[in-house]
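Reminder, nothing fancy here: chain letters follow the sequence lines and each chain counts from 1.
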There are 2 protein chains.
Amino acid sequence: MAATIGDVARVAGVSRSTVSYALSGKRAISEETRTRIQAAIDELGFTPNAGARALATAQTNVLGLYLQFQEDEFAPAMLQYVLPVSTTAREHGYDLLMVTDADRVNAVRRTTSSAMIDGVVLLDVTYDDSRLEPLREAPQPAVLIGYARNGEGFDSYDLDFGEAARIVVDHLADLGHRDIVLITPPRHVYERGGSYAWRFRDAAVERAARYGIRLVAHEGDSRQPGITDSLDAALAASPHATALMVHNDATIAALPAYLDKRGMRVPDDLSVVGVFSQEFGQAFSLPYTAAETSPDRLGQEAVRQLIRRIHSPEEAGEPRVRFIEPELVDRGSTRPVA
Amino acid sequence: MAATIGDVARVAGVSRSTVSYALSGKRAISEETRTRIQAAIDELGFTPNAGARALATAQTNVLGLYLQFQEDEFAPAMLQYVLPVSTTAREHGYDLLMVTDADRVNAVRRTTSSAMIDGVVLLDVTYDDSRLEPLREAPQPAVLIGYARNGEGFDSYDLDFGEAARIVVDHLADLGHRDIVLITPPRHVYERGGSYAWRFRDAAVERAARYGIRLVAHEGDSRQPGITDSLDAALAASPHATALMVHNDATIAALPAYLDKRGMRVPDDLSVVGVFSQEFGQAFSLPYTAAETSPDRLGQEAVRQLIRRIHSPEEAGEPRVRFIEPELVDRGSTRPVA
DNA sequence: CTGAAAGCGCTTACAG
DNA sequence: CTGAAAGCGCTTACAG
């Protein structure tokens, strides 16, 4: 059916190996031969068979991307990480196998042990991530986007959520706020082991304590009416709060509507600081100062490191955790306390 | 490195073909032999090499999913289609190659002609979709999610946006509305050839005309401040409008905040009807009556048909367009005109 | 019920 | 600068 390298060789009047070398550029080919081969390729519309090439070279030029769209999660947030991973992979000649199996452990085992991919990008990493076990036995290198306690031996990229909390608290402290409400990710994120939840919360609590600031953390929700209920409860529990910190995608997305409904103006009645990316803020028209989460940078650096480790492990260095430093993007949603 | 079928055969004391047949079940194997083979497989941790299998069988068990995250589009909406495609594919034993290249035509050509995949799922289909040309030359079958003018020869699945418009207009007409504003997708969707934009709009205009109802269509935006500006302009141009139809994801997501800010109550001051899915409405807490877009059903049916066409083309029947009938989900955001 | 062998379409030492 | 041949790890007619 489709043309093979043998067809090209025959039409061009050369051997199959010469065609192969012309394709890869791994040895010198005379100008004339190269031209004949190219003509044959064009005439036949030849493209190398990926499976055959993978078999011969033991590499597929495919990366596995492992993620799950949790029923109870705010899907748009996940997408921010998929996009840069996909783009960066293609820039380096890799395609992406998107693996979303409910059985995450087996999905990793299945795809790595069958040699479908050259490397693994793990999204949605949890503190005790059960996928790391099969991953240690896999011949392919892997990179984690997120943080796992048992992640030693792997490259990991994550935002420094502790630092994110500190810069937000510092910012509010500088403005004189002494009573702050924090909305954290929902309970199921903690239960699942999403360490960003408590890393941010604990650092915020500790930093506030150092300033002698009252800061009360409340678990938010990812759906209505829970989002509204948790905000109601949090604000009721801190009637004199002057600032609201939100580390919860669904809540921050719903916040403009919520505050409007309650008749609260930002920053006049309440200072607000979030934790989200530039693009996220734009998609949801969020006018809030925030710690930037830089999913683009995370995804890009993670994939680059993975590809480095695939091609030249020595250059890649020792696998380690890299925490990206967050920056505070001031959108004017905070003001000094009178 | 990794165990091969030859290793299994040696350990089990049988031939490679017997191991292969034990794996595939394509011929009878004695109980005893089967046991020995299974023991060897377990001992060695053997998984068949996907590339080798693909080369031998000429099938990869991978489907290509082609999409693009447009800079100017509302990403969350796209995700609704990715998820059911991914889930349904896995249920049938297929993995998903996610292809997001900026050069869409070449991406199709590259992946189909290198035999990386067994079938194609095209998302983001436009009226004159340039990817259909390479697709016609591809040996793999394809399914389109969306509608293309030049889509003959392919299975296509799309919502019947014309019917969606009619049931919405009918609903409002029944309630006595005589002056309606419609927010359509942004201009760039029309320019790109997103036929759902004008299919909905034209049907709405026509249906309204039949009732003698005033209905004015305005292009919406996908970002702030354009979203607010277009709503402002649309409502200003129809000062006596009693109902708002929104066929624009970014706009409907921003609508609660917008209407709150303008101090308009739904449905007391304005009846509102949207066009979005159940999950989308839930993710964004949208309290609006809407024509359900059923991305789950679309994605699932599309993939099933594609897999049917891969396995038994005769059963799959003639390729044709299937328009899914929308239903109106009443969430109480409309009321009779006094 | 089982085996030996050819073949899928590439790449890459080996040889000249 | 080029070719003949082995090999990657499977599947599947062919044979018994």
Side-chain angles (χ1 to χ4, degrees), chain A residues 1-38 40-41 44-62 93 110-118 139, chain B residues 1-38 40-41 44-62 93 110-118 139:
Chain A
M1 180 77 219
T4 73
I5 201 171
D7 299 327
V8 175
R10 189 165 23 74
V11 171
V14 298
S15 72
R16 295 189 303 154
S17 56
T18 300
V19 176
S20 178
Y21 284 117
L23 247 32
S24 68
K26 287 191 181 172
R27 78 180 182 194
I29 307 282
S30 75
E31 192 48 43
E32 197 232 318
T33 304
R34 183 186 302 287
T35 309
R36 283 218 315 282
I37 290 175
Q38 190 53 56
I41 287 175
L44 298 168
F46 167 74
T47 312
N49 179 293
R53 181 171 270 180
L55 186 56
T57 61
Q59 46 172 34
T60 60
N61 286 319
V62 174
R110 177 173 68 80
T111 48
T112 55
S113 65
S114 61
M116 300 179 77
I117 56 174
D118 294 340
Chain B
M1 178 80 220
T4 73
I5 201 171
D7 299 326
V8 174
R10 189 164 24 73
V11 170
V14 298
S15 73
R16 296 189 304 152
S17 57
T18 299
V19 176
S20 179
Y21 283 118
L23 247 31
S24 69
K26 287 191 180 172
R27 77 179 181 193
I29 307 282
S30 76
E31 192 48 41
E32 197 232 320
T33 304
R34 181 185 302 284
T35 310
R36 284 217 314 284
I37 290 175
Q38 190 53 54
I41 288 175
L44 297 168
F46 168 74
T47 312
N49 179 293
R53 182 172 269 181
L55 185 57
T57 62
Q59 45 172 36
T60 60
N61 286 320
V62 174
R110 177 173 67 79
T111 49
T112 55
S113 65
S114 61
M116 303 179 76
I117 55 174
D118 295 339

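The CG-P distance, from B/L23 to D/dC10, rounds to 9 Å in whole Å. Spacing between atom NZ of A/K26 and atom P of C/dC10 amounts to 15 Å, rounded to whole angstrom units. As a whole-Å value, the separation of A/N61 CG from C/dC10 P is 15 Å. The nearest whole Å value for the distance from the CE atom in A/M116 to the P atom in D/dG9 is 17 Å.
The salt bridge (Lys or Arg N to Asp or Glu O under 4.0 Å) search around A/R10 returns A/D7, not counting sequence neighbours. The salt bridge (Lys or Arg N to Asp or Glu O under 4.0 Å) check on B/R36 picks up B/E32, with sequence neighbours excluded. By the side chain to side chain donor-acceptor pair (under 3.5 Å) test, A/T47 is found to be paired with B/S113, residues two or more places apart in sequence or in another chain being considered. In this structure B/S17 satisfies the side chain to side chain donor-acceptor pair (under 3.5 Å) test together with B/S15, sequence neighbours excluded.
For A/R53 and C/dT11, the shortest distance from a side-chain N or O to OP1 or OP2 is below 4.0 Å.
Rounding to the nearest 0.5 Å places OG1 of A/T60 at 7.0 Å from CD1 of A/I117.
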Annotated protein contacts, base or backbone, on nucleotides 1-8 of chain D with a non-hydrogen cut-off under 4.0 Å, one of B, S, - each: SBBB-BBB
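The side-chain heavy atoms of B/V8 and B/I37, taken from C-beta on, include a pair separated by under 4.5 Å. Here the side chains of A/T4 and A/N49 are not in contact, with every heavy-atom distance at 4.5 Å or above.
What you find for B/R16 and B/A9 is that their closest heavy atoms are N-CB, 3.7 Å.
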5'-to-3' dot-bracket of DNA chain C (Watson-Crick, G-U; under 3.5 angstrom; crossing pairs as [ ]; | other strand): |||.||||||||.|||
